[in-house]
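Since we're looking at a predicted model, the values are computed, not measured. Just so we're on the same page: letters track the sequence lines, and every chain starts at 1.
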Amino acid sequence: MEKVSTVTGVAMPLKRSNVDTDQIIPAVFLKRVTKTGFDDALFYAWRQDPEFVLNRPEFTGARILFAGSDFGTGSSREHAVWALRDYGFDAVLSPRFGDIFRGNSGKQGLLTGEISEDAMEKIWAIIDARPGIEASIDLVAKTARIGDLTVPFEIDDYTRWRLLEGLDDIGLTLRDEAQITQFEGRRESWRPRTLPVQQVAGE
Amino acid sequence: MTTRSESSRPRTLAEKVWDDHLVVKGEDGSPDLLYIDLHLVHEVTSPQAFDGLRLAGRPVRRPDLTIATEDHNTPTLDIDKPIADLTSRTQIDTLRKNAAEFGIRLHSLGDVEQGIVHVVGPQLGLTMPGITVVCGDSHTSTHGAFGAMAFGIGTSEVEHVLATQTLPLKPFKTMAITVEGTLRPGVTAKDIILAVIAKIGTGGGQGYVLEYRGSAIRSLSMDGRMTVCNMSIEAGARAGMVAPDQTTYDYLEGRAHAPKGADWDAAVEYWNTLATDDDAAFDAEVFLDANELEPFVTWGTNPGQGVSLSESIPDPSLIIDPNERASAERALEYMDLEAGTPLKDVHVDAVFMGSCTNSRIEDLRAFASIIKGQKKADGVRVMVVPGSARVRIEAEAEGIDKIVTEFGAEWRFAGCSMCLGMNPDQLAPGERCASTSNRNFEGRQGKGGRTHLVSPLVAAATAIRGTLSSPWDLENAGVPSAPEGVHA
């Protein structure tokens with residue numbers, strides 16, 4: 001996972017609340033064998049409407065989603081995060097998130113920050129006035145800036161630390177890599193090897 | 001030679017294996033980091049794990065401790081033709097691509113080492129005492145029969161093991177399941193584990209590693225011990241274990257990946273230290289009398305809903321616990337059974353002999369010993385599916401394929417087959433099956449299918465009579481009973 005300290009890019013408004021993960025990605029897409037390639041599945045039902053915000057050319061290449069309250073509720077599917085990431089989003093801001101979705105996001109490097117309803121209304125107004133405007137998220141300062149407006153956002157310290165350090169679950173374990181290597185050094189030679197011996201690097 | 005830290009505290013088998021795989025001891029409630037000796041991979045739970053590695057630019061840390069096979073989606077007929085179902089074919093193709101890209105040994109359909117992942121590992125001699133084994137499959141508990149710590153994991157954990165060869169794990173509790181006595185002829189390892197699950201329930205083992213002990217367990221062959229450990233997960237336990245002994249060593253010695261020479265001697269010396277210390281304490285203990293056991297069968301839709309085959313279908317109204325009562329009522333409705341009906345009056349449409357629970361050579365021998373020279377009952381479909389291509393070859397060398405086909409049954413290629421509805425082998429809605437597999441869940445063997453879990457011997461007797469039957473019923477009918485000690 002890459003380290004995240006600031007995210008700057010086109011801001012996209014999603015003026016809906018209670019966007020559950022079935023809306024983010026319908027169940028029919030769960031049969032796939034990949035973690036990627038879900039960009040076409042993001043908000044699949046809503047995208048059929050040509051007026052939907054994802055279809056508006058001024059928001060092409062958006063990286064930051066400003067969504068209504070209770071974003072990512074419902075089913076635990078990790079695919080919801082994969083779809084947002086595949087589409088190109090690096091950050092989602094909302095007044096409130098579904099718990100599981102927020103947890104899944106942290107593991108996949110998607111920044112989720114909570115801002116007040118009041119701040120969200122102001123941000124939407126700014127985007128409405130200047131569609132395609134860029135926003136900037138500063139994870140160190142925990143602020144979002146768009147136009148002349150700078151607002152604070154909330155993110156839990158542990159998730160913030162992991163994002164700043166670029167640590168997913170595997171990344172966390174790999175901090176102990178020296179100990180893993182040390183352990184491997186003292187493993188007995190009788191323990192199983194799946195490959196023929198000559199293909200195996202010496203331990 | 002072993003350089004492990006010696007502990008003076010009396011420990012169980014499971015605790016010893018755990019301690020010897022500790023990479024980092026967790027502090028303040030955080031999990032321990034455990035080293036994984038052997039990672040088994042199949043096509044269903046691995047695609048997103050490999051994709052995760054690709055996204056993060058990570059290699060597989062130890063391809064030499066990882067091995068893959070194709071089993072869940074594979075057909076057991078026409079294996080030389082492209083797989084008809086597109087989703088299944090995509091999963092298989094994806095595994096082949098991933099194995100090639102990440103340098104992992106894969107045994108594909110048609111390969112002599114292909115088969116059910118839990119049959120392949122032990123058969124190659126990769127599964128051995130005192131190691132940790134994981135796989136994205138809940139029946140990984142099978143490998144505990146060797147005194148290994150073996151458990152199923154999810155896809156994100158599969159990715160974690162591929163990348164780091166470790167897993168963060170919270171410590172478990174230990175439960176001793178002691179089975180003393182001598183099994184009567186016709187009673188098998190499968191009957192032991194079905195009786196254990198009926199006794200402690202499908203959630204009874206939750207949070208525990210089970211250790212099977214006692215004279216009845218000691219007298220089981222490795223194939224029998226694998227059957228017992230396989231279904232630990234059906235009692236809610238992630239892992240089940242049997243301490244290694246001479247039976248274990250005799251099975252292992254000489255297998256392709258078993259230690260050789262000085263390594264073998266060092267390994268045996270270490271393995272002999274693994275048995276639970278005499279004064280070690282278990283968190284829970286369960287006892288079972290092997291002398292009393294009869295052939296067992298499930299009547300409901302979870303593996304805990306089982307009774308002796310000589311009994312009748314229980315009356316839900318006599319069950320005190322309201323949740324269990326409701327579950328039993330629902331189960332009888334789904335199974336289309338009436339309380340009070342003798343189980344031996346229940347007719348079946350199909351018999352499935354196979355799955356990671358009962359598809360090894362001894363299982364096939366036990367089945368064949370009963371059906372030899374007989375004809376299957378009219379109108380009953382009987383399918384015999386070896387657990388691996390090697391088991392199939394071995395069985396054919398012994399003439400078991402001929403016994404099976406002359407009986408009127410189908411002799412198939414290796415795979416998970418009718419244990420789960422992921423491949424073409426499925427029950428039709430409403431069909432009733434006596435199955436040597438491990439799960440009698442609603443729809444498990446096909447939408448609307450009805451499953452009775454049984455041993456290979458009961459499956460064979462049932463295939464002959466067309467009603468749920470044990471070898472004892474055949475004896476009454478003038479058919480020889482199972483040979484003394486078969487499958488024991």
Region of [X] that comes under 4.5 Å of a non-hydrogen atom in chain A:
X: Leu22(B); answer: backbone
X: Leu38(B); answer: side chain
X: Glu159(B); answer: both
X: Pro31(B); answer: neither

Less than 4.5 Å apart, side chain to side chain, heavy atoms only: is that true for [X] and [Y]?
X: Glu184(A); Y: Arg62(B); result: yes
X: Arg58(B); Y: Leu174(A); result: yes
X: Arg61(B); Y: Ile180(A); result: yes
X: Pro192(A); Y: Ile131(B); result: yes
X: Val23(B); Y: Asp176(A); result: no
X: Asp168(A); Y: His160(B); result: no

Taking [X] for its side chain and [Y] for its backbone only, find out whether a donor-acceptor pair lies under 3.5 Å.
X: Asp51(B); Y: Lys35(A); value: yes
X: Arg193(A); Y: Leu126(B); value: no
X: Arg105(B); Y: Thr194(A); value: yes
X: Thr164(B); Y: Thr173(A); value: no

Highest number of heavy-atom pairs under 4.5 Å with chain A: which of [options]?
options: Thr66(B), Leu167(B), Ile104(B), Thr166(B); value: Thr66(B)
options: Ser156(B), Pro168(B), Pro63(B); value: Pro63(B)
options: Thr94(B), Leu124(B), Thr127(B), Asp37(B); value: Asp37(B)

Are more than 12 heavy atoms, taken from residues, nucleotides or ligands other than [X], located less than 6.0 Å from that residue's [atom1] atom?
X: Lys97(B); atom1: NZ; value: yes
X: Glu51(A); atom1: CD; value: no
X: Arg255(B); atom1: CZ; value: yes

- request: Show your working on side-chain contact (heavy atoms from CB on, under 4.5 Å) between Arg85(A) and Leu55(B) and close with a plain yes or no.
  value: CA-CA 11 Å; Arg85(A) 297 289 281 146; Leu55(B) 283 175; over 6 Å; no
- request: Would you give the length of the straight line joining atom CZ of Arg186(A) to atom CG of Asp20(B), rounded to the nearest 0.5 angstrom?
  value: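 Rounded to the nearest 0.5 Å, the CZ-CG separation comes out at 9.5 Å.
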- prompt: Which class fits the ring pair His21(B) and Phe183(A): parallel under 30°, tilted 30 to 60°, perpendicular over 60°?
  reply: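 Geometry flag for Phe183(A) against His21(B): tilted rings.
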field: Trace of the side-chain contact (heavy atoms from CB on, under 4.5 Å) decision for Met128(B) with Trp190(A)
entry: CA-CA 10 Å; Met128(B) 55 183 81; Trp190(A) 56 261; 3.8 Å; yes
